[in-house]
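Below is one structure, written out as structure tokens, with a few remarks after it.
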There are 2 protein chains.
Amino acid sequence: MENPLTSAPKPVIAITMGDINGIGPEILAKALASRQIFAHCIPLVLGSHSALEAQRALAPALPSATVVERSALNAPLHEDRLYLCEAMQQTPQLRPGVPDPAAGACAVAWIEEAVRLCQAGIASAMTTCPISKDVIYQAGCKHTGHTEIVASMTGVEDYRMCLFADDMRVVHLTGHLSLRDALDAITAERIVSSARIGHNALCKLGLKRKHIAIAGLNPHAGENGAFGTEEATIIAPAVAQCREEGLDCSGPHSPDTIFKRMQEGEFDLVVALYHDQGHIPLKLIAMDLGVNVTLGVPIVRTSVDHGTAFDIAGTGRARENSLIAAIRLAAKLAQA
Amino acid sequence: MENPLTSAPKPVIAITMGDINGIGPEILAKALASRQIFAHCIPLVLGSHSALEAQRALAPALPSATVVERSALNAPLHEDRLYLCEAMQQTPQLRPGVPDPAAGACAVAWIEEAVRLCQAGIASAMTTCPISKDVIYQAGCKHTGHTEIVASMTGVEDYRMCLFADDMRVVHLTGHLSLRDALDAITAERIVSSARIGHNALCKLGLKRKHIAIAGLNPHAGENGAFGTEEATIIAPAVAQCREEGLDCSGPHSPDTIFKRMQEGEFDLVVALYHDQGHIPLKLIAMDLGVNVTLGVPIVRTSVDHGTAFDIAGTGRARENSLIAAIRLAAKLAQA
């Protein structure tokens, strides 16, 4: 049954299991067992049925999955039901904590299938459980991670790695680059496009105020040029251009207080100029609620903000909070 | 009366009032009114008596100060008493929120007097209230801040800017440099000396475990060289040298999780490779408890971790917590 208060049906979210020997199956089973995600979406797991069922002792309330073939997914899916598609993968034996290229190959196949389901309109968004860069490399995958696979399959080069956690939202100018290369990649054009991408995300989230704060690069944002010139030569002109375009933008702000100010409600989103400028604060305060979001690609993709955690796989100690937050955010962005 | 459980008398802490038109007088009055600092030290304010007394409406419990001349400070000071020395400064009219070079000149004179009192052994440590870089520049001071004045007067060039907040402690390789210059200043030698300086501080604090974590520079500490080489060429060799010297060191650790791990108790101190790598996380979570510490100089100097806040000076909204934490830390480091 659809919620009578809303006109839209619940979105189908394709959820990839990730590396079956990491904590993916466990957090997935726990998230599905909590049942709160069924209020927001129809979950369609891309993964191994036996790996999911193996978690039942850790998550006794895990609903039984309706296992479907890829070809059956063209028909409408029912609300309040859990779907699982193995996408024709022969899952290797489950060995928690043991990296296995065969498991890496399955993980990549499920990601690719999720992208295709989004592109076909069968899923409204995708949420990913963690994979190991090393393991997928051993499995022959030429990409370094989810974001790169999604970008490649959707033909997008100018995507943005973002972290969202409650009312803290950061769009990063660049992702996995050395800090020196990241500094060379800072351009006014890239700052402006990051602000545009962030603005669009805030629109999708339905925020009335969409105040975007642009971080400075140097200590205290250069303290009027005393240490560093990028604020004057690159960042301030970019902020001016954003405002000319009608974006509600300010900056450059001192990097060491901008995140506190966002936490206190002054800003709705921060554009961070390099990976760690945004990752250090968000990972520190997000607790288990951080969600990794790929923006700038034509599909909605969210992810947990942690790795495979091979060291605790199979122990029952993994927490599902980030996955639940990622699925809820995917559903919200998908319904915009 | 000395505490009968401890053999050492309470240390005299020279506390500079900072810019009288900022929030210095207010946080000082509030901190002294709370009286908790008298349990840890004998406070000796370097500042304006009338500026302090002007705060009495905001801090009714402010003890009356014994106003002393500099020459009277050679005699022993009494516990449970508040001392104030104007150091022969003619304080200009108090104008909260209005920058005034004459106030800047006083602030600098008080800092210089505090350093001399520490050097003479009359004070065991100094704690500073905020000054404005712009205002002291207008007052003819050639230094850019407290740290530079202290370093210059003690003849030290290789000092370190540090932030302490509860059990979170960060030694920064460099301070007020542009990020590009800071990257160029990263050397194994500087990392090792930072770890030594940090180790000494942990010794003074009386910590049994002194586990120092060295941050990486690049995202995920370079992920085995995939993005950035400094971890392999500079940082790892520095960690090895630290361990050879007998320091309890580890790293390079991923910058975006190292502070969370310290917060959870895994590390006692982090060596951060540039200003914002440490300032962003500490300022985010320290709330009002962050203390700025200058290490590597021959005197103990702590400071609040905020500025003059001219915008709220005189409104009664300033919080004294960081100043209390700074005085308590100074007392603790001084008694080592």
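For B:Q277, the parts lying near chain A are the backbone and the side chain together; criterion is any non-hydrogen pair under 4.5 Å. If you measure heavy-atom distances from B:I285 to chain A, the contacts under 4.5 Å come from the side chain alone. With a 4.5 angstrom heavy-atom cutoff, B:H176 touches chain A via backbone and side-chain atoms both. Contacts between B:D184 and chain A at a heavy-atom distance below 4.5 Å involve backbone atoms as well as side-chain atoms.
Your options are A:L217, A:N224, A:N218, A:T229, and the one with the most heavy-atom pairs under 4.5 Å with chain B is A:N218. Of the listed residues (A:R180, A:E223, A:H279), the one with the most heavy-atom contacts under 4.5 Å to chain B is A:R180. Note on B:L183, B:D181, B:T144, B:D134: by heavy-atom pairs under 4.5 Å with chain A, the leading option is B:L183.
For residues 253-265 of chain B, a heavy-atom distance under 4.5 Å to chain A picks out B:P255, B:D256, B:T257, B:F259, B:K260, B:Q263, given by residue number.
Exactly one of B:V171, B:L173, B:V239 qualifies for a side chain to side chain contact (heavy atoms under 4.5 Å, CB included) with B:I191. That residue is B:L173. The side chain to side chain contact (heavy atoms under 4.5 Å, CB included) test with A:I27 singles out one residue from A:N321, A:L323, A:I324, and that residue is A:L323. For the side chain to side chain contact (heavy atoms under 4.5 Å, CB included) with B:I111, the qualifying choice from B:H146, B:M153, B:R301 is B:H146, the only one to do so.
A distance of 5.0 Å separates CG of B:L269 from CG of B:L202, quoted to the nearest 0.5 Å.
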Could you walk me through whether B:I235 and B:I214 satisfy the side-chain contact (heavy atoms from CB on, under 4.5 Å) test, starting with their C-alpha distance in whole Å, then the side-chain angles of each, then the deciding distance to 0.1 Å, before giving a yes or no? CA-CA 8 Å; B:I235 309 167; B:I214 315 288; 3.7 Å; yes
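The backbone N or O of B:G290 lies less than 3.5 Å from a partner atom in the side chain of B:S322, making a donor-acceptor pair.
Across B:D158 and B:R160, no two heavy atoms sit closer than the pair OD1-NH1, 2.8 Å.
Under a cut-off of 6.0 angstrom, the local environment of CG in B:D311 is crowded, with over 12 non-hydrogen atoms contributed by other residues, nucleotides or ligands.
Residues satisfying the side-chain contact (heavy atoms from CB on, under 4.5 Å) criterion with A:P99, sequence neighbours excluded, are A:V135, A:F310.
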